[in-house]
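What follows is a set of notes on a single structure, which appears directly below.
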Amino acid sequence: MKIFIVYYSMYGHIHRMAEAVREGAGEIGGADVRLYRVPETLPEEVLKNMGALEPQKAMAHVPVCNVNDLPQADAIIFGTPTRFGNMCGQMRQFLDATGELWSQGALVGKVGSVFTSSATQHGGQESTILSFHITLLHQGMVLVGLPYSFAGQMRIDEITGGSPYGASTIAGGRGERMPSENELAAARFQGRHVAGIALKLSRKS
Ligand SMILES: Cc1cc2nc3c(=O)[nH]c(=O)nc-3n(C[C@H](O)[C@H](O)[C@H](O)COP(=O)(O)O)c2cc1C
C-alpha cells in the first residue's frame, strides 16, 4: 500500500507537519509512505524578497512530485499553506495539471486528505481545507479528515490548530511559531487514520 504526502511549504511549517503525517502513516504496517513537494512556480527573485530561500534549502532533499506518479498511490495526503483563505498557487497549478488523470478516472476511489497552515488563528484554515476538498471530489477521491477521536482537538488550554477537516498549524505573522506538540500529534493522527482507511479499502478491492 502506497501513501503519498504531497505538499508545498514556503518557510517550513507545512514541511514539519508533513514529516509528522509521514510518521503517523508509517505506523500502519506495510505502508510505503513517500514525501513529495509540488513544483515551485515563483521566480527566485520573488522568493528571495519573501525571505524564502534559506528555509527552502532545508526541504531541497524532498523529491518533486510528477502528476503522472499519483495513480500509484492508494492515498494522497495534501499539505498547503493558506493563501487568502485558499490553497497556495503552487498547489493549484499542480492540481490543474491533473486534467488527464481526471479524464481517465485515475484517482477515483483513492483516499484524499488535506492539512494546512496559516499565519493567524482565524485566517482561513477551514476554508483552505474545505475548498481543497472540492477538487478532490471532482477527482472521485474518498475524503478523510481529522475525527474528534483525536482528543487534542478539544483543547482550549492553549492556542492550537486542528479541525474535523484536517490538521493545521498557526505559524504567526512572521512565521515565528513552529508546529506545537498538539498540532504535530494531530498530523500524526491524520496520517495514521488515512493509512488505516486506505488499508481497509485496499483489502476490499
Ligand atoms: C500571499 C500570501 C497570502 C497569505 N494569506 C494568508 C491568509 O489568508 N491567512 C493567514 O492566516 N495567513 C496567510 N498567509 C500566511 C501563510 O499562510 C503562512 O506563511 C504559511 O502558513 C506558513 O507555512 P509554510 O512555512 O509551510 O509556507 C499568507 C501568506 C502569503 C505569502
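Atoms within each ligand, like the ligands themselves, are counted from 1 in listed order. When a residue number appears, it is its place in the shown sequence, counting from 1.
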Any donor-acceptor pair under 3.5 Å from [X] side chain to [Y] backbone:
{"X": "Glu183", "Y": "Gly161", "result": "yes"}
{"X": "Ser168", "Y": "Ser117", "result": "no"}
{"X": "Gln190", "Y": "Leu146", "result": "no"}

- Task: Identify which of Cys88, Ala18, Ser117, Gly85 has a heavy atom lying nearest to atom 21 (O) of ligand 1.
- Result: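 Looking at heavy atoms only, Ser117 sits closest to atom 21 (O) of ligand 1.
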Quick one: which of Arg83, Met10, Gln121, Gln56 has a heavy atom closest to atom 3 (C) of ligand 1?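 Comparing heavy atoms across Arg83, Met10, Gln121, Gln56, the nearest one to atom 3 (C) of ligand 1 lies in Arg83.
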**Distance-only polar pair, side chains of Thr128 and Thr116, donor-acceptor under 3.5 Å** =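 Their side chains do not contain a donor-acceptor pair, so the 3.5 Å distance test is not met.
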Quick one: nearest non-hydrogen protein atom to [atom], plus distance?
{"atom": "atom 9 (N) of ligand 1", "answer": "Gly123 O, 2.8 Å"}
{"atom": "atom 12 (N) of ligand 1", "answer": "Ala119 N, 3.1 Å"}
{"atom": "atom 26 (O) of ligand 1", "answer": "Ser9 OG, 2.6 Å"}
{"atom": "atom 5 (N) of ligand 1", "answer": "Phe84 N, 2.9 Å"}
{"atom": "atom 13 (C) of ligand 1", "answer": "Thr82 O, 3.7 Å"}

### Message
Using heavy atoms and a 4.0 Å limit, tell me yes or no: is Met50 in contact with ligand 1?
### Response
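So Met50 counts as touching ligand 1.
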Is the shortest distance from a heavy atom of Gly124 to ligand 1 less than 4.0 Å?
->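 It does not; every heavy atom stays at 4.0 Å or beyond.
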**Request:** Quick one: do Ile76 and Val111 satisfy side-chain contact (heavy atoms from CB on, under 4.5 Å)? Show the steps, please.
**Result:** CA-CA 6 Å; Ile76 310 170; Val111 178; over 6 Å; no
Identify, by atom number and element, the atoms of ligand 1 in contact range of Ile14, meaning under 4.0 Å from any of its heavy atoms.
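This gives 26 (O) as the contact atoms.
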field: Ring centroid separation Tyr36 to Phe4 under 6.0 Å
entry: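 Here the rings of Phe4 and Tyr36 have centres that are less than 6.0 Å from each other.
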Query raised in the report: Has Leu137 got more than 12 heavy atoms of other residues, nucleotides or ligands less than 6.0 Å from its CG?
Result: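 Count over threshold, so yes.
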So is [X] polar-close to ligand 1, meaning N/O to N/O under 3.5 Å?
{"X": "His13", "answer": "yes"}
{"X": "Pro81", "answer": "no"}
{"X": "Thr120", "answer": "yes"}

Should the ring pair His61 and His15 be called parallel, tilted or perpendicular, given that the plane angle runs from 0 to 90° and is split at 30 and 60?
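Ring orientation, 0 to 90° scale: perpendicular.
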* To do: Can you measure from CD (Gln56) to NZ (Lys48) and round to the nearest 0.5 angstrom?
  =>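 Output value for this atom pair is 15.0 Å.
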